[in-house]
Amino acid sequence: MTENPLDDPFYYLNNFMQVLDWLEHRYGDVLSVEEQGFVQDFRRQPRESRALLVRMVMRKGVHFRAGKLSYLEIGDIARAAEPLLAAGWIDEHSPLPIEELFDVLLKAEILQCFGTVIEQPKGKKSDWLPSLSEQLCDAQSFSQWCPQLDDRLFTLTIMGLCDRLRLMFFGNLYQDWSEFVLADLGIFTYEKVEFCAESRGLRCREDVDACVFLHQCQQRFEAGEAVADIVEQINALELSNPWLQRRRGKLLFQIGQHCERLADFSTALTIYRDCAYPGARVRLIRVLERCGEYQLAMDLATHAEQTPESAAEHQHLLRVLPRLRRKLGGPAMKRPAPRDMQRLDLQLPRVDPALSVEYYVQAHLAQDSAPVHYVENSLINSLFGLLCWPAIFAPLPGAFFHPFQRGPVDLLNEDFHARRAGLFEACLAELDDGRYVQTLRERYVAKWGVQSPFVFWGALSQELLDQALDCLPPEHLKHWFNRLLMDIKANRAGMPDLIQFWPQDKTYRMIEVKGPGDRLQDNQLRWLEFCHEHQMPIAVCYVQWSEQSA
DNA sequence: CAATTGGTAG
DNA sequence: TTCACACCTTCGG
DNA sequence: GAAGGTGTGTCTCTACCAATTGGA
Ligand SMILES: [Mn+2]
Ligand SMILES: [Mn+2]
């Protein structure tokens, strides 16, 4: 039995220090002077003080009542806080606006401090805020706000710095410090991939700063700040890293959509014109159309149809072009005949409105000899993920750079497949000679529970796997997997809701369920069409609720 | 006073 | 760090 | 009815605790 890191009550501090060591050894040239100074000074502090700082960094927000900080392993909070105050990492007199003050005061304390100004003392806490923030809009320190309260308020001043450290370690800002403990508890297990000390997410200081800046712009945008300033600043960024260029494109695209919602078409046009993010061109055409610029829209749409950026764009253009031709005075075009897909119409009683329509169809179609599974994207993606596990987790340079990655960092890049073409070919070749069956069974056991961008462990029971291997022909698997590899982002979704197996006949069929008011989405239509082309059994099931005689 | 919500910790 | 659905409005045959 | 558009619930790790809410 190896020693459990969680036996140490300072386990979280050990994890944090592990990150500091990691960054110092691998990111020495990326760390700023301030960050290097912090890393060195941090280690000199008393253990209780370091622990207290990490506890605060891991908690929500930056303001903490001393009375709310209570940790057995740290003991005396005031004593532990002393060196942190001296180092300037926390501050006791930071002015804070009343909105933030409200978050650290109890309802009773608010009444105690502001009772005289509150009109409805029995109302909700949140209802008091608007009127109070108008009267008291200046920021003050906690002791100025509430001199009658016998407590101190510590405010973290280094949250920004800690976020940058987190960004460098994880290569993103959505993973947090709890990753370590969740992994130690076995809640998440990650594939172990070898990588060298030179393998890093963010490779230079400029990229770190740009990433932080983009993130701040995103937050300012979400907070409702004027878009013109934000857009200008984003566009002024010099970005050499393609990954960051994509991030910028995504943010600009979101801002563009926001402008569309506000009917600010001129700003939307300006944004979309310089935006290479997938889908921006279609939005540009749409905004031109909404502005009445039919000829410009037509020119761009025609050009786009020559060189579509994706199947999704092409599909969209097939709807847009006839509409624009009409608006330009062209002849009314007959709509292309809808494909003759197999169609199922059902009238079912909705006994319990809480249950989904897919569940009712599943129950209605299922037979003892023909079970139905509600799988959506999970089945095909999981089978793909299992068969191609070695290619997906191949230790390519730069693909893996910390121990908590669900998948390679370049998974959604244009060249993801090309960089691993031989590996994927080898995996898919198992479909040609039957080896895949044993491989999938073995890998299902060997990798059970290990995080993967494709494998949905919760949805893939042994039973489902057995039936799928029994009934799905390898040629069909190969078509699906190749389609996935052509455009992972676009094709990993849109698969039918249900799949039914006939193990005795070794056949299957897929069923997309549509309740009243629902209709096929673009990505579902593309999967439908693809399966139809390859003579795969697929049907769309339209459900009407039959009258409930009460 | 019971139910709900949101934050924390391992 | 999503995906699919529900529900709404607008448009055009 | 087709199509565009917007909003929502779900993914989330979960047991536990304190604070709040809202109905007796
Ligand atoms: Mn579905
Ligand atoms: Mn469906």
Side-chain angles (χ1 to χ4, degrees), chain A residues 4-12 14-15 54-56 58-61 64-65 67-73 102-110 122-128 170 172-189 215 218 247 250 257-258 260-263 282-283 285-287 289-290 315-316 318-320 322-323 326-327 332-336 338 353-354 356-358 374 376-378 381 406-407 411-412 449 451 453 456 458-459 488-497 512-525 527 543:
Chain A
N4 186 344
L6 300 179
D7 290 340
D8 185 345
F10 288 96
Y11 72 92
Y12 56 92
N14 297 335
N15 293 337
V54 175
R55 284 290 195 188
M56 289 197 276
M58 293 180 72
R59 282 170 61 161
K60 193 190 173 189
F64 302 95
R65 299 275 295 269
K68 294 279 179 193
L69 296 167
S70 169
Y71 298 99
L72 278 180
E73 76 279 5
F102 258 52
D103 290 335
V104 296
L105 291 181
L106 299 184
K107 204 178 169 187
E109 292 172 328
I110 297 176
K122 299 216 167 137
K124 282 192 289 184
K125 182 176 169 181
S126 55
D127 291 340
W128 300 341
F170 288 113
N172 62 62
L173 281 168
Y174 58 81
Q175 289 183 285
D176 62 41
W177 305 103
S178 68
E179 288 288 339
F180 285 82
V181 69
L182 293 177
D184 286 337
L185 285 168
I187 290 168
F188 292 132
T189 21
H215 190 256
Q218 172 105 38
R247 289 280 310 264
K250 183 175 182 179
Q257 291 201 293
H258 176 74
E260 279 192 82
R261 266 188 280 271
L262 301 178
V282 153
R283 295 316 311 164
I285 294 168
R286 177 68 180 142
V287 176
E289 181 188 356
R290 290 231 267 167
Q315 183 182 23
H316 205 109
L318 290 184
R319 286 197 304 266
V320 170
R323 197 169 65 220
R326 268 200 319 273
K327 292 191 173 173
M333 306 285 284
K334 53 186 184 292
R335 235 194 308 283
S356 71
V357 61
E358 293 87 354
Y374 182 14
E376 271 179 350
N377 306 314
S378 65
N381 276 303
R406 251 166 53 102
L411 180 70
L412 300 180
Q451 296 287 304
F456 298 68
I488 291 172
K489 180 132 174 76
N491 295 336
R492 67 181 168 183
M495 300 165 209
D497 294 314
E512 170 55 40
V513 178
K514 286 296 157 196
D518 192 11
R519 57 183 200 257
L520 290 168
Q521 300 172 44
D522 280 1
N523 58 358
Q524 294 174 330
L525 276 167
W527 264 105
V543 178

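Since the model is a prediction, treat every value here as computed from it, not as a measurement. Letters A, B, ... are given to chains in the order of the sequence lines, protein chains preceding strands, and every chain is numbered from 1.
Note that NE2 of A:His215 and CG of A:Asn172 are 9.5 Å apart. Values are rounded to the nearest 0.5 Å.
Within the shown strands, nothing qualifies as a pairing partner of D:dG23 under the Watson-Crick or G-U definition with both distances less than 3.5 Å. D:dT8 is paired with C:dA4 under the Watson-Crick or G-U wobble criterion, all donor-acceptor distances under 3.5 Å.
In this structure, the NE2 atom of A:His316 is 11 Å from the P atom of D:dA3, given to the nearest Å. Here the C1' atom of nucleotide B:dG7 and the CG atom of A:Asp103 are 12 Å apart, to the nearest Å. A straight line from NZ of A:Lys124 to C1' of D:dT20 spans 11 Å, rounded to a whole angstrom. Between the CG atom of A:Leu525 and the C1' atom of D:dA2 there is a distance of 12 Å, rounded to whole Å. The interatomic distance linking A:Arg492 (CZ) with C:dA4 (P) rounds to 10 Å, in whole Å. Taking atom CZ of residue A:Arg326 and atom P of nucleotide D:dA3, one finds them 10 Å apart after rounding to whole Å. A:Tyr12 has its OH atom 14 Å from the P atom of B:dT8, to the nearest Å. A straight line from NZ of A:Lys68 to P of B:dG6 spans 16 Å, rounded to a whole angstrom.
Put simply, the side chain of A:Arg519 and the base of D:dG4 share a donor and an acceptor less than 3.5 Å apart.
Using a 4.0 Å heavy-atom cutoff across all strands shown, A:Glu289 reaches no nucleic acid atom at all. As judged by a 4.0 angstrom heavy-atom cut-off over every strand, A:Leu6 is placed among residues making no nucleic acid contact. Nucleic acid contact class of A:Phe456 (heavy atoms, under 4.0 Å, all strands): none. A:Gly494 comes within 4.0 angstrom of the backbone, heavy atoms only, and of no base. Using a 4.0 Å heavy-atom criterion, one finds that A:Arg283 contacts the sugar-phosphate atoms exclusively. Here A:Asp497 lies in heavy-atom contact (under 4.0 Å) with sugar-phosphate atoms only.
Nucleotides D:dT10 and B:dT4 place their P atoms 15 Å apart, quoted to the nearest Å. Separating the P atom of C:dG12 from that of D:dG5 is a span of 13 Å, rounded to the nearest Å. On the C1' atoms, D:dT12 is 15 Å away from B:dG6, given to the nearest whole Å.
Where A:Lys60 and A:Leu182 meet DNA chain B, the nucleotide closest to each residue was compared, and A:Lys60 sits on the side nearer the 5' end.
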What's the verdict on side chain to side chain contact (heavy atoms under 4.5 Å, CB included) for A:Leu69 and A:Arg55, showing C-alpha distance, side-chain angles and the deciding distance? CA-CA 9 Å; A:Leu69 296 167; A:Arg55 284 290 195 188; 5.8 Å; no
